[in-house]
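Each remark here refers to the structure printed beneath this line.
Chain naming here is simple, since letters A, B, ... match the order of the sequence lines and numbering starts at 1 in each.
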Amino acid sequence: MRKFVVVAAAALVLAGCGTGSDQGGRALTVFAAASLTESFTALEKEFEAGHPGVDVRLNFAGSSALAQQLANDAAADVFASADTANMEKVEALLAAPAVVFATNKLTIVTPPGNPAKITGLADLGKEGVTTVVCAPQVPCGAASKKAADAAGVTLRPASEEQDVKAVLTKVRAGEADAGLVYVSDAKAAGDGVTAVGFPEADKAVNDYPIAVLKSAPQADLAGEFVALVRGADGQAELARAGFSAP
Amino acid sequence: MSTRDRRVRTGLPVLLWVPAAVALALVVLPVVGLVARSDLSSLPARISSPGAVAALGLSLRTAALSTVLCLLLGGPLAVVLARSRVPGVRVLRAVVLLPLVLPPVVGGLALLYLLGRGGLLGSHLPGVRIPYTTAAVVIAQVFVAMPFLVVGLEGALRTAGERYEAVAATLGARPWTVFRRVTVPLVLPALGSGLVLSFARALGEFGATITFAGSLEGVTRTLPLQVYLLAETDVDGAVALSLLLVVVAVAVIAVARPRALRGQR
């Protein structure tokens, strides 16, 4: 009898692991760009509240790292990228063409109170101003270069960082007079930085596309999640995080 | 392996072979994977790209300078830690290990808050900017690499003991002569292996450098930073440079390992 119970319990456990798609215990895996951390975490709660028994698993990382994981057969239902280039890398894996659900643009950030009195992009090319930007190889750096070109400014960065968060860290620590980051990142940093907008930012707007993967284990849920992101609630959450509507 | 042919064979428990093989595979197979992933035909072009050449040159220069500083500063520190009878020296021995245990990123942040513009020391140095300079790269490397030299050397000094030094002293040798003619020759092998380890650690330094010194081609972007940047965008380029680092690492081991092994005895 005891043996039977153990076997039955084991069978139950195995069944639970195996399918997992019955009633409860469904998991929806969402790969999202790091800049979406705040907004998608909020949307995760809303989605789970509306879909009892569904567990949304968010995987945040740089878009190119996520695209690389997907190309290497990572199992995911939804991919939200911070730029179109990385979405295009996985085009063959998508169930349907990606749609843009938000845009993000650059802003200058300075240490709190703007001690170096930065007023525009031109100040970032001046001697004596310690500027930190993203490396041109990564999306935020490409956007920075585009904006600087549009403004006719040659940036003289003291350092070209790997990602936006590294730029923020340097500015927050007071080790840079100015940095170029996305509006959403500046917002997430709160009082740690002062944001200084500049008109040329409109020349380098970043599109955020989202798509359901062809191999999505939870295709129906994935579609509903995308609908949530694109719907009124999702857009309100994204606006709160500093994103603009497409 | 050659020691297996000796007269007395205790025999190796077969059980040890399995985890040993797994351990070896864990070290070797990733490198094999790296080689397999690389496109050998485009390798020369990628390695000789301006960014790669600048990064390699910077890496070799800074790592060499850091190793010299490790010797000039860490060597005396090891002697003091091993020989001094000042109270609290045991605590100091533990403190020296700190960079070895800390994640390098934490070390980088610590350096930033010491030597940065708003830092404890940095705020008293108006007009001197340390972050974002090649000097910052060297400081970060010395910070993480010096414990390798100090710990190895201090251990060797204490193992060697003070008998010979005492004899030399009773024969009338002055402290500096004892140090130069007795102490240093005794620990030369340990010094060699410590220097090699420090150089290797400095060459591979990443976290403290990117946090404290930033990343700018030719100034602060060493080879590991260049690999990290390329991994975002140009994976083949990153693989090629990784191979270059592996080659340099193997060269360092080949030059130094026999000597380092002797130093362990």
Side-chain angles (χ1 to χ4, degrees), chain A residues 33-34 61-72 81-83 85-86 88-89 110-113 115-116 127-142 145 155-179 192, chain B residues 33 37 49 51-52 54-55 105-106 108-120 122-123 126-137 140 206-207 209-222 224-239 241:
Chain A
S63 301
S64 47
L66 292 173
Q68 227 168 74
Q69 288 173 23
L70 289 173
N72 285 318
S81 167
D83 63 351
N86 282 300
E88 277 160 14
K89 280 190 207 161
T110 70
E127 193 109 24
V129 174
T130 306
T131 303
V132 175
V133 298
C134 290
Q137 288 89 333
V138 296
C140 57
K145 193 175 176 323
L155 299 175
R156 311 154 142 264
S159 178
E160 296 171 349
E161 301 289 331
Q162 189 78 13
D163 52 50
V164 178
K165 300 290 178 201
V167 175
L168 267 181
T169 305
K170 294 280 198 296
V171 174
R172 264 184 184 160
E175 292 306 328
D177 298 317
Chain B
R37 174 66 178 77
S49 75
V105 179
V106 177
L109 274 180
L111 286 170
L112 201 57
Y113 288 119
L114 176 71
L115 298 171
R117 216 157 38 172
L120 203 58
S123 55
V128 182
R129 190 179 71 172
I130 299 174
Y132 313 123
T133 61
T134 307
V137 176
F206 172 78
T209 308
I210 202 163
T211 316
F212 178 49
S215 172
L216 193 67
E217 186 175 306
V219 181
T220 53
R221 188 174 293 153
T222 55
L225 270 64
Q226 176 81 7
V227 170
Y228 183 54
L229 180 63
L230 286 181
E232 279 283 303
T233 48
D234 171 16
V235 180
D236 291 319
V239 169
L241 288 194

**OP:** Heavy-atom pairs under 4.5 Å with chain B are the metric here; pick the option from A/D177, A/T169, A/D163, A/N86 that has the most.
**Re:** A/D177
Subject >> Non-hydrogen atoms of B/L216 and A/P157 that approach each other most closely >> reply: CD2-O, 3.6 Å
Subject >> Exam field: side chain B/Y132 to backbone A/V132, donor-acceptor pair closer than 3.5 Å >> reply: no
Subject >> Point-to-point distance, once rounded to the nearest 0.5 Å, from CD of A/E160 to CZ of B/R221 >> reply: 5.0 Å
Subject >> Side chain A/S159, main chain B/S215, donor-acceptor under 3.5 Å >> reply: yes
Original post:
Checking B/V235 against chain A: side chain, backbone, both or neither under 4.5 Å from a heavy atom?
Top reply: side chain
Subject >> Residue selection (most heavy-atom pairs with chain A, distance under 4.5 Å) from B/T220, B/L112, B/L109 >> reply: B/L112
Original post:
Of the backbone (N, CA, C, O) and the side chain (C-beta and beyond), which part of B/T133 lies under 4.5 Å from a heavy atom of chain A, both, or neither?
Top reply: neither
Original post:
Measuring heavy-atom distances to chain A, does B/Y228 have an atom under 4.5 Å in its side chain, in its backbone, in both, or in neither?
Top reply: both
Original post:
Between A/E175 (side chain) and B/R117 (backbone), is there a donor-acceptor pair under 3.5 Å?
Top reply: yes
**OP:** Under 4.5 Å, counting heavy-atom pairs only, tell me which of A/P111, A/A176, A/P139, A/A166 racks up the most with chain B.
**Re:** A/A176
**OP:** Rounded to the nearest 0.5 Å, what's the gap from CD on A/Q162 to CD1 on B/I210? Could you check?
**Re:** 5.5 Å
Subject >> Check: B/F212 main-chain N/O paired with A/K170 side-chain donor or acceptor under 3.5 Å >> reply: no
Subject >> Heavy atoms from other residues, nucleotides or ligands near NZ of A/K145 exceed 12 (cutoff 6.0 Å) >> reply: no
